[in-house]
Amino acid sequence: MRRLERGRLVLATHNPGKVVELAELLNPQGLEVVSAGELGLPEPDETETTFIGNARLKALAAATASGLPAIADDSGLCVHALDGAPGIYSARWAGPGKDFAVAMARVNDELGDKPRSAHFICALCVAWPDGHTEVVEGRVDGTLVWPPRGGNGFGYDPMFLMDGRDATYGEMARAEKEADNHRARAFAQLAALLPAVVQ
Ligand code: ITT
């Protein structure tokens, strides 16, 4: 199994909300993270058809361009009554202006009075410059509320109520959302795969 050495790791994402959450997970592991934006790396087109495929594509692009190991996150909201939409298109539903009020309204409109269960998925991929990759996936289940509640977090957080909770992700303080969500669940698997990260 490939070990992840302490040192610099590229966060292969251009989403500031993910940068915050991933840095919070990685920094305690002795990894110094630098974002793709800080390195001026291009944002690759997400041409794959799965979360894992797109995470791998983004991590490999960043590792190859930077010469450093890179971690990418591909994630999204899968609404059961919409056959899993927006899914891998979760960012694209917000349009070029990345307006998630628009994306949430579209989800709500398409749902109408159908059942409101949904889950978040996060695929994480670590890629090395020589092309080796490791991938994991985390999931949380919940329900979609309307109108959206809370101004914390990012993306679809204000309409997602994790099963068993009273506060949406948008209403939770940062530490509360970070303690258990699809990204943290994926990261826990990654840390088990790459033991050097958790020494
Ligand atoms: P990168 O590809 O640069 O990482 P992106 O925003 O385009 O940034 P994705 O293609 O993975 O990332 O899109 C996932 C979208 O799903 C993201 O823009 C959010 O709107 C949504 N999403 C993912 N995780 C979320 C979370 O924890 N809370 C709320 N929304 C989330």
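These numbers come from a predicted model, not from an experiment. Counting convention: from 1, in listed order, for ligands and their atoms alike.
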message = A quick test of your reading: do over 12 heavy atoms of other residues, nucleotides or ligands sit less than 6.0 Å from CG of D83?
response = no
inquiry  = Looking only at the side chains, is there a donor atom on one of S75 and D73 sitting less than 3.5 Å from an acceptor on the other?
reply    = yes
key: Numbered atoms and elements of ligand 1 in range of D73, under 4.0 angstrom, heavy atoms   = 4 (O), 11 (O)
ask   = Quick one: ring pair (Phe, Tyr, Trp, His ring centres under 6.0 Å) pairs with a partner in residues 151-184, sequence neighbours left out?
value = F100-Y156, F120-F160, F120-H182, F160-Y169
key: Closest candidate by heavy atom, reference atom 10 (O) of ligand 1, pool E46, K98, R92   = E46
ask   = What residue and atom, counting heavy atoms only, is the protein's closest point to atom 28 (N) of ligand 1, and at what distance?
value = D157 OD1, 2.5 Å
remark   = shortest atom 27 (O) of ligand 1-to-protein heavy-atom contact is with K177 NZ, 2.6 Å
query = Under a 4.5 Å side-chain heavy-atom rule over Ile, Leu, Val, Met, Phe, Trp and Tyr, are I52 and L11 clustered together?
reply = no
task = Do me a favour and list the nearest non-hydrogen protein atom to atom 6 (O) of ligand 1 with residue, atom name and distance?
result = N15 ND2, 2.9 Å
query = Does D109 CG have over 12 foreign heavy atoms under 6.0 Å away?
reply = yes
inquiry  = So, 4.0 Å and heavy atoms of G76: is ligand 1 close enough to count as a contact?
reply    = yes
inquiry  = Please list, in number order, the atoms of ligand 1 under 4.0 Å from a heavy atom of D74.
reply    = 9 (P), 10 (O), 11 (O)
task = Would you mind running through ligand 1 and noting each atom that sits below 4.0 Å from a heavy atom of S90?
result = 15 (C), 16 (O)
request  = Taking only heavy atoms of T13 into account, list the atoms of ligand 1 that are under 4.0 Å away from them.
outcome  = 1 (P), 3 (O), 4 (O), 8 (O)
task = Can you sort out which atoms of ligand 1 are near K18, meaning under 4.0 Å from one of its heavy atoms?
result = 1 (P), 4 (O), 5 (P), 8 (O), 9 (P), 11 (O), 12 (O)
request  = Answer with side chain, backbone, both or neither: which part of F100 has a heavy atom less than 4.0 angstrom from an atom of ligand 1?
outcome  = side chain
query = Distance-only, no hydrogens or angles: does the E134 side chain make a donor-acceptor pair with backbone N or O of L190 under 3.5 Å?
reply = no
inquiry  = Please classify the H182 to ligand 1 contact at 4.0 Å (heavy-atom distances, strictly less than): side chain, backbone, both or neither.
reply    = side chain
request  = Using atom types as modelled and distance alone, determine if a side-chain donor or acceptor of R185 lies under 3.5 Å from a backbone N or O of R139.
outcome  = yes
query = Would you find a donor on one side and an acceptor on the other, under 3.5 Å apart, between the side chain of D74 and the backbone of A123?
reply = no
ask   = Is there a donor in the side chain of R149 and an acceptor in the side chain of T168, or the other way round, less than 3.5 Å apart?
value = no
message = Nearest non-hydrogen contact with atom 14 (C) of ligand 1 belongs to which option: S75, P158, A91?
response = S75
Protein heavy atom at shortest distance from atom 3 (O) of ligand 1 = H14 N, 2.8 Å
message = Tell me the contacting part of F120 for ligand 1: side chain, backbone, both, or neither, using a 4.0 Å heavy-atom threshold, strictly below.
response = side chain
inquiry  = Nearest 0.5 Å, please: how far is CG in L22 from OG in S35?
reply    = 11.0 Å
inquiry  = Under the ring pair (Phe, Tyr, Trp, His ring centres under 6.0 Å) definition, can you give me all pairs with a residue in residues 49-89, not counting sequence neighbours?
reply    = H80-H119
query = Where is the nearest protein heavy atom to atom 24 (N) of ligand 1: which residue, which atom, and how far?
reply = R183 NH2, 2.9 Å
ask   = What atoms of ligand 1 come within less than 4.0 Å of a heavy atom belonging to Y156?
value = 20 (O), 21 (C), 29 (C), 30 (N)
